[in-house]
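Down below is the structure, laid out as structure tokens.
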Amino acid sequence: MGRRNSHKVSYIRKPLAKHSIPAVILAGAALILTGAGVWLSVRGRGEAGLNAAACGACAVLVSITGMLYCWRSSIEKEKNYILAKIGMVLCGLILLFWICLIIAGIM
């Protein structure tokens, strides 16, 4: 009998975290900027110009800002964090990509 009560399920839907939607939008913007920078570099046959560098720098800054929004949404109590987690993964992967690309360029 005690077992039946131990499996309580809450059917109340938790609202999305307040800062999770801007975090996903920023992650999408960073992804678009990364794609534009890579496309400009490929189009220039490896000679990345100032526009590609600007896209990369903006992608890094937007991704860092997106991660800050993800962090702010993760400290909210009793919220749905799915968009914040998606944004954190996207922003983290974009930052990792640009860090690896910068290190490869320096070497």
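Small disclaimer: the values here were computed from a predicted structure and weren't measured.
Taken from CG in L68 to OG in S73, the straight-line distance is 11.0 Å, to the nearest 0.5 Å. Taking CD1 of I25 as the reference point, atom CG of L83 lies at 9.5 Å (rounded to 0.5 Å). In this structure, CD1 in I21 is found 12.5 Å from OH in Y69, a value given to the nearest 0.5 Å. Remark: K85 NZ to S74 OG distance equals 10.0 Å, nearest 0.5 Å. Atom SG of residue C100 and atom CG of residue L95 lie 10.5 Å apart, to the nearest 0.5 angstrom.
The cluster map of Ile, Leu, Val, Met, Phe, Trp and Tyr, joined by side-chain heavy atoms under 4.5 Å apart, puts L93 and F97 in different clusters. Residues I86 and W71 fall into different hydrophobic clusters, defined by Ile, Leu, Val, Met, Phe, Trp and Tyr side chains chained together at heavy-atom separations under 4.5 Å.
The number of heavy atoms from other shown groups lying within 6.0 Å of CG (L50) does not exceed 12.
The closest side-chain heavy-atom distance from S63 to L26 is not below 4.5 Å.
Of all heavy-atom pairs between L90 and A27, the closest is CB-CB, 3.8 Å. When all heavy atoms of A23 and C70 are compared, the closest pair comes out as CB-SG, 3.5 Å.
A side-chain donor-acceptor contact under 3.5 Å links T65 to the backbone of L61.
For T34, the side chain to side chain donor-acceptor pair (under 3.5 Å) test picks out W98, with sequence neighbours left out.
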